[in-house]
Number of protein chains: 2
Amino acid sequence: MSTKKRESTGFLIKQRAFLKLYLITNIENGRWYGMKLLDELRKEFKPMGFEPQHPEIYRALHELLEDGILKRGKIKKDGSKYQEIAVYYIRDAEKASAYKKLIKYDIDRSYRMIRKALEDNFS
Amino acid sequence: MSTKKRESTGFLIKQRAFLKLYLITNIENGRWYGMKLLDELRKEFKPMGFEPQHPEIYRALHELLEDGILKRGKIKKDGSKYQEIAVYYIRDAEKASAYKKLIKYDIDRSYRMIRKALEDNFS
DNA sequence: ATATGAACATCATGTTCATTG
DNA sequence: CAATGAACATGATGTTCATAT
């Protein structure tokens, strides 16, 4: 029963979860594929010094597929003659929203920790 | 010359650095030893779900020694008959403050990323 | 038994390689 | 050669063990 095994010590949110959140939100608003999502994220976060790597994006997308949150289609890329790409859609909007809520909890937590560190150490 | 090797992709601040910041600040304000610092940090962060482990505290302290930021003395613990403990003091206040400034930069960066994630995904 | 520390194990992530169209 | 993905390597941290008082 009460076999307690800590899964982590609960420091800040992990990159994987952070990316998944953005992936879901972007896909909720349109049709996207891996590289496009990566470019978008890099563009948004480069000013803050964060440049995610492509394998991490794919790992996040694969997990969201496994979770049943996303589904995937294959299409020919516009303009490109031959390349086939994997486009993602929301499979289960309920699940997606529930997962986002979960991540929000973790981000709020991280937010509080960081604000606290600023207060405790620089004032 | 320009052999660029990325040291990381620049996601959020690492636990090690976060702890070092707190260690310095606490030691600036009094006499502390490892377990005491750990207890204090756990007490402060447990409400936010963060419970650091003792080896991570020691690793952080050891690095701060190596960096010449802290120095260490050994004393007999009050009240305890035999246990000997390692107390830490600031060795170089300039270095300490410079290091804190550096970490502040990283925390500010993390703060912006987290705020951005809240704005981008939940509004 | 408490404090310190080292050694070892695992997980999250980064780097490199392979495949396909 | 762009996109996807797997395989491999490293780094950050967690878990367990050892030592001293």
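Computation of the quantities below employed the complete heavy-atom set of this structure, encompassing side-chain atoms and omitting hydrogens, waters and symmetry-equivalent molecules. Chain letters run A, B, ... following the sequence lines, proteins first, then strands; residues in each count from 1.
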For the pair made of CZ in Arg16(A) and P in dT13(C), what is the distance, rounded to whole Å?
-> 6 Å
Determine whether Ile27(B) and Leu37(B) make a side-chain contact, defined as any pair of heavy atoms from C-beta on separated by less than 4.5 Å.
-> yes
Glu66(A) CD to dG5(D) P, straight-line distance once rounded to whole Å = 12 Å
To the nearest 0.5 Å, how far apart are CZ in Arg59(B) and CG in Leu19(B)?
-> 10.0 Å
To the nearest angstrom, how far is Leu12(A) atom CG from dT13(C) atom C1'?
-> 16 Å
Using atom CD1 of Ile13(A) as one end and atom C1' of dA12(C) as the other, report the distance to the nearest whole Å.
-> 14 Å
Can you check the Gln15(A) CD to dA12(C) C1' distance for me, whole Å?
-> 9 Å
Using a cutoff of under 3.5 Å, can you pull out all pairs of nitrogen or oxygen atoms linking the protein to nucleotides 5-9 of chain C, with atom names and distances?
unit_1 : atom_1 : unit_2   : atom_2 : d
dG5(C) : OP1    : Arg72(B) : NH1    : 2.4
dG5(C) : O6     : His54(B) : NE2    : 2.7

Quick one: closest heavy-atom pair of Arg109(A) and Gly10(A), and the distance?
-> NH1-O, 2.8 Å
Which nucleotide in the list dA3(D), dA3(C), dT13(C) gets nearest to the side chain of Tyr33(B)?
-> dA3(C)
Mapping Phe11(A) and Asp39(A) to their closest nucleotides on DNA chain D, which lands nearer the 5' end?
-> Asp39(A)
For atom CD of Glu63(A) and atom C1' of dA12(C), their distance in whole Å = 11 Å
When rounded to the nearest 0.5 angstrom, what distance separates CD1 in Ile90(B) from OG1 in Thr25(B)?
-> 8.5 Å
Tyr22(B) and Asp120(A) side chains, donor-acceptor separation under 3.5 Å = yes
So does Phe122(A) have more than 12 non-hydrogen atoms from other groups sitting under 6.0 Å from CZ?
-> yes
Length of the line joining Ile57(A):CD1 and dA12(C):C1', which is rounded to integer Å = 15 Å
Between dT2(C) (P) and Ile85(B) (CD1): distance, integer Å | 14 Å
For Lys116(B), does the NZ atom sit with more than 12 other heavy atoms under 6.0 Å from it, leaving out its own atoms?
-> yes
Which one, dT15(C), dT13(D), dT4(D), comes nearest to the side chain of Gln53(A)?
-> dT15(C)
